[in-house]
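Heads up: the structure comes next, in structure tokens.
Since the model is a prediction, treat every value here as computed from it, not as a measurement. Just so you know, ligand 1 is whichever comes first in the structure, and atom 1 is the first atom listed for that ligand.
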Amino acid sequence: MLIPIPDVLTQDEVREFREALDASQWVDGKVTAGYQSAQVKNNMQMPENHPVAVEIGQRILQALQNNPVFVAAALPKKIFPPLFNKYAGGHSFGNHVDNSIRRINATGEHIRTDLSMTLFLSQPDEYEGGELVVEDTYGSHSVKLPAGHAILYPSTSLHHVRPVTRGARVSSFFWMQSMVRDDVKRNLLLTLDVSIQKLTQDVPNHSSLVDLTGVYHNLLRQWAEI
Ligand SMILES: O=C(O)CCC(=O)C(=O)O
Ligand SMILES: [Fe+2]
């Protein structure tokens, strides 16, 4: 399931991050690609250990940890330090599935990629094309969100980015390991969580809330790897 996460960043943060990124040196995006994806990857990237990328990446991680929609949807265990890419002048990224295991260079730690995320840092009217197209069991979904918004999708999905034919598309992208590896189970938990929150608002003190909340936690206890 594709899950939009609105307002990860404020517009002030987007402006500040873009100013710093636009003033920095970018390199060929193939540096972090696996063998197959390197054949179809044609974009630019900030070097992983560039101080600007590291600092903005940490600010993005903080914003995500304080975002209840993200936490409920991803149930994150480990998040890869955010990377940054840029597509301009016809750049695109052909169909691929993300690498299953990633090593975090700074710590030597490995993560299993359960979820992939793109956080848009360009407004949709700044560029033509550049849609992220993700295939899932319900078909193909084309995603282009306002700057500061993100899309979360299963790392098992085949996906590509359409050519950017005008302007530039800048974004942050990264992967995470979830406490709940299985997409179906994670999405059931999210549906239950959202329903409990809605019921809490609409009918506070409803007698079923104790049981439903118990079911949520008991399922999470069954399924979580921590
Ligand atoms: O630019 C994007 O939205 C996705 C990038 C991507 O798929 C990747 O780097 O593996
Ligand atoms: Fe990808």
Requested in this report: Decide yes or no for Leu83 and Phe174: does some side-chain heavy atom of the first lie under 4.5 Å from some side-chain heavy atom of the second?
Outcome: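 No - every pair of side-chain heavy atoms lies 4.5 Å or more apart.
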
Query raised in the report: Are the side chains of Phe84 and Leu121 in touch, meaning some heavy atoms are under 4.5 Å apart?
Result: yes

Query - Identified side chain to side chain donor-acceptor pair (under 3.5 Å) counterpart of Trp175 within the set Asp98, Thr113, Asn99 - result: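 The option that passes is Asp98.
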
Suppose I only count heavy atoms of [X] and a 4.0 Å limit; which atoms of ligand 1 are within that range?
X: Arg169; value: 1 (O), 2 (C), 3 (O)
X: His159; value: 7 (O)
X: Val161; value: 1 (O), 2 (C), 3 (O), 4 (C)
X: Asn85; value: 1 (O), 2 (C), 5 (C)
X: Asp98; value: 10 (O)

Query raised in the report: Got a donor-acceptor contact below 3.5 angstrom from the Asn218 side chain to the Gly214 backbone?
Result: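 Judged by distance alone, yes, a pair lies under 3.5 Å.
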
Query raised in the report: Would you say Arg186's side chain and Arg181's backbone share a donor-acceptor pair under 3.5 angstrom?
Result: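 Yes, because the side chain of Arg186 sits within donor-acceptor range (under 3.5 Å) of the backbone of Arg181.
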
Query raised in the report: Without hydrogens or angle criteria, can the side chains of Ser155 and Asp114 be said to hold a donor-acceptor pair below 3.5 Å?
Result: no

Starting from [atom], what is the nearest protein heavy atom, named by residue and atom, and what distance separates them?
atom: atom 8 (C) of ligand 1; value: Phe93 CE1, 3.3 Å
atom: atom 1 (O) of ligand 1; value: Tyr87 OH, 2.7 Å
atom: atom 9 (O) of ligand 1; value: Phe173 CE1, 3.2 Å
atom: atom 4 (C) of ligand 1; value: Thr118 OG1, 3.7 Å

Query raised in the report: Would His160 count as a contact of ligand 1 if the rule is a heavy atom under 4.0 Å away?
Result: no

Query raised in the report: Relative to the ring of His96, is the ring of Phe93 parallel (under 30°), tilted (30 to 60°) or perpendicular (over 60°)?
Result: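 Aromatic pair Phe93/His96 classed parallel.
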
Would you compute the distance between atom [atom1] of [X] and atom [atom2] of [Y] and round it to the nearest 0.5 angstrom?
X: Thr118; Y: Leu145; atom1: OG1; atom2: CG; value: 9.0 Å
X: Lys77; Y: Arg112; atom1: NZ; atom2: CZ; value: 9.0 Å
X: Arg169; Y: Gln123; atom1: CZ; atom2: CD; value: 13.5 Å

Report summary line: Note on the Fe ion (ligand 2): protein N/O/S atoms within less than 2.8 Å are His96 NE2, Asp98 OD1, His159 NE2

Query raised in the report: Who passes salt bridge (charged side-chain N to carboxylate O under 4.0 Å, His left out) against Arg102, sequence neighbours left out?
Result: none

